[in-house]
Amino acid sequence: MLQINVIRENVGKVLEGLKKRNMRDAEVLVNEALTVDKIRREKQKEHDDLVGEVNRISKEVGNLMKSGQKQQADEMIAKMASNKKVASELGQELLKAEEELQRVLYLIPNVPADKVPAGKGAEDNLNVYQHGQIPTLPPDVQPHWELIKKYDIIDFDLGNKISGAGFPVYKGKGAKFQRALINFFLEEASRQGYTEIQPPIVVNKASGYGTGQLPDKEGQMYFIAEDELYLIPTAEVPITNLYRDVILNEQDLPIRHVGYTPCFRREAGSWGAHVRGLNRLHQFDKVEIVQIRKAEESYETLEAMCLYVQGLLEKLELPYRKLLLCGGDTGFNSAMTYDLEVYAAAQQRWLEVSSVSNFETFQASRLKLRYKNKEGKTQLLHTLNGSALALPRIVAAILENNQTPDGIRVPKVLVPYTQFEMIDAKL
RNA sequence: AGAGGAGUGGUAGAGCGGUUUAUUGCACCGGUCUUGAAAACCGGAGACCCUUCACGGGGUCCGGGGGUUCGAAUCCCUCCUCCUCUGCCA
């Protein structure tokens, strides 16, 4: 959520930034917010002045009562009755204005950073870096959805039976490979100084609002109506919300966390032609890194986090490219996002495996996540996160790129975790 | 899940309708003393909103929400969380 005082003081810059997102009604929303804010401030002042007077008179009544001047007290009470009524009405109006302002602010996305290019969608993203050789595979190369059947490691039919589409069952070496990847990612992050967190995988409404999934992505999360809980779409939600309503001390910073969780996404309306096999799932595993930083160091941190994820891809021997997302493709909450995509040689497609974002104060202002600086002033912090990494497409790329006549070659760095070097015959 | 008890500032813990602008201890910060520190003494300290160039002023906050009252931390309703006992269960 953008802060209203920031919008008020930088209308031009905010509008110019939002233009890069190629969104139609930015100006309308911003103007609406400013109008409601003006009303809110007027009501606040009227209300406070009146309540202040009522408070003063109440105190006098107390004194009169105590000194036994009941009649005079009663007179003052009578005189105050109308003031009280007006104050209560003003209070209602103020509340309404505040709610209205909140509602509008929730609809305004983050302002993209200066470096973010304007653009409509994926075609306008900037390819800023590419690494690794695109593998040349023999003509009889198989896509991963064939390979998982050949070696009986991931079973979509079984998942269909017990749950539904998009809930695969991992079996044998397939299951062990998942576990190996999760452990590898967690260990690598720990070694870099990230503190491991194992959070709940359901969250309440307040957490959904805290990181911005609500109200923007209401229909995209699984919801348990009976207990009013949401299945998390990413570990970002519970981990970042650990710091909701928190004022940190400067010496507590920076905060660096890593966590593994399954992630749940309804993906309503997003199944298309290229969605096969592991490319898109309702439930998948992901290791997420989260950082909380002071404003002045957040962009440096974004680059560092990105380089860390790139390092993981290099250790896994996967060819990848790094995209700086354009305004239109940058998520609602993010000020700047890099996507990392690996090349899956059989599909001959780039698959997004990580998204690393700086949210600046957008989440922090919803979360009320602040720190006390050296001067003793409380300031909003910046939040950042990135996938490090999401498993299914990594698995897809490794299966496709590393296939040999004898089976799938496990990347060297994973062998200590898998305890096997090839995914071949059934276990 | 049922019965009972409890939620107050960083923490412990008083207050249970009107000198509460929330007592006090500890922890914290500043000062005096000291070469420095400790001790002692003195002082300070929260968050949010509105207003002001600023100094300052006003309002809100005692788990959340609602109510009673001229006046609520204090009384009532409701929800949440924690503790004890009982039940159930990985």
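Just so it is clear: chains get the letters A, B, ... in the order the sequence lines come, proteins before strands, and each one is counted from 1.
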Asker: Between protein and nucleotides 88-90 of chain B, what N or O pairs are separated by less than 3.5 Å?
Answerer:
none

Asker: With P as the reference atom in both, quote the distance from U84(B) to G25(B) in angstrom, rounded to an integer.
Answerer: 32 Å

Asker: Determine, using ring centers only, whether F264(A) and Y230(A) are less than 6.0 Å apart.
Answerer: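 Y230(A) vs F264(A): aromatic centres not under 6.0 Å.
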
Asker: Using the P atom on both, measure G17(B) against A6(B) and round to a whole Å.
Answerer: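 The answer is 16 Å between these two P atoms.
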
Asker: C50(B) phosphate, OP1 or OP2: any side-chain N/O from R40(A) under 4.0 angstrom?
Answerer: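 Affirmative; the distance criterion is met.
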
Asker: K315(A): which residues meet the salt bridge (Lys or Arg N to Asp or Glu O under 4.0 Å) condition with it, sequence neighbours left out?
Answerer: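 So K315(A) forms a salt bridge (Lys or Arg N to Asp or Glu O under 4.0 Å) with E188(A).
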
Asker: Rounding to a whole Å, what distance do you find between L94(A):CG and C48(B):P?
Answerer: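 Rounded to the whole Å, the gap is 18 Å.
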
Asker: Round to a whole Å and report the spacing from NZ of K368(A) to C1' of A47(B).
Answerer: 11 Å

Asker: For atom P, what is the distance between U20(B) and A12(B), given to the nearest Å?
Answerer: 25 Å

Asker: Residues two or more places apart in sequence or in another chain: which of them pass side chain to side chain donor-acceptor pair (under 3.5 Å) with E341(A)?
Answerer: R321(A)

Asker: Side-chain N or O of R8(A) versus OP1/OP2 of C50(B): is the shortest distance under 4.0 Å?
Answerer: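 For C50(B), OP1/OP2 do have a side-chain N/O of R8(A) under 4.0 Å.
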
Asker: Considering only the P atoms, how many Å lie between A45(B) and G36(B), rounded to the nearest integer?
Answerer: 27 Å

Asker: Starting at atom CG of L50(A), determine the distance to atom C1' of G57(B), rounded to an integer number of angstrom.
Answerer: 17 Å

Asker: Within the structure shown, what part of the strands sits under 4.0 Å from K377(A) by heavy-atom distance: base, sugar-phosphate, or nothing?
Answerer: nothing

Asker: Between U74(B) and C61(B), how far apart are the two P atoms, rounded to whole Å?
Answerer: 11 Å

Asker: In whole angstrom, give me the gap between the C1' atoms of U8(B) and A14(B).
Answerer: 10 Å

Asker: Compare side-chain N and O positions of R41(A) against OP1 and OP2 of U51(B) and report whether any pair is under 4.0 Å apart.
Answerer: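 Yes, within the criterion.
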
Asker: Answer with yes or no after comparing the ring centroid distance for H382(A) and Y371(A) against a 6.0 Å cut-off, counting only values under it.
Answerer: no

Asker: Is it true that, when you exclude Q251(A) itself, more than 12 heavy atoms of the residues, nucleotides or ligands shown sit nearer than 6.0 Å to its CD?
Answerer: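 Yes, the 6.0 Å shell around CD holds more than 12 heavy atoms from other groups.
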
Asker: Can you see if the side chain of K372(A) gets near the phosphate of G46(B) - specifically, an N or O under 4.0 Å from OP1 or OP2?
Answerer: no

Asker: Can you build the contact string for nucleotides 58-80 of chain B? Use B for base contact, S for sugar-phosphate-only contact, and - for no protein heavy atom under 4.0 Å.
Answerer: BSS---------BS---------

Asker: Between K45(A) and D48(A), is the closest basic N to carboxylate O distance under 4.0 Å?
Answerer: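 No, this pair does not count.
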
Asker: For K115(A), enumerate each residue passing the side chain to side chain contact (heavy atoms under 4.5 Å, CB included) test, keeping only those at least two apart in sequence or located in another chain.
Answerer: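 By the side chain to side chain contact (heavy atoms under 4.5 Å, CB included) rule, K115(A) matches E303(A), M336(A), Y338(A).
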
Asker: Evaluate whether atom CD of E296(A) has more than 12 neighbouring non-hydrogen atoms of other residues, nucleotides or ligands under 6.0 angstrom away.
Answerer: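 Atom CD in E296(A) is packed in, count exceeds 12.
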
Asker: Ignoring hydrogens and angles, write down the donor-acceptor pairs under 3.5 Å from the side chains of residues 86-99 of chain A, residues two or more places apart or on other chains.
Answerer:
from   : atom 1 : to     : atom 2 : distance (Å)
E93(A) : OE1    : K43(A) : NZ     : 2.6

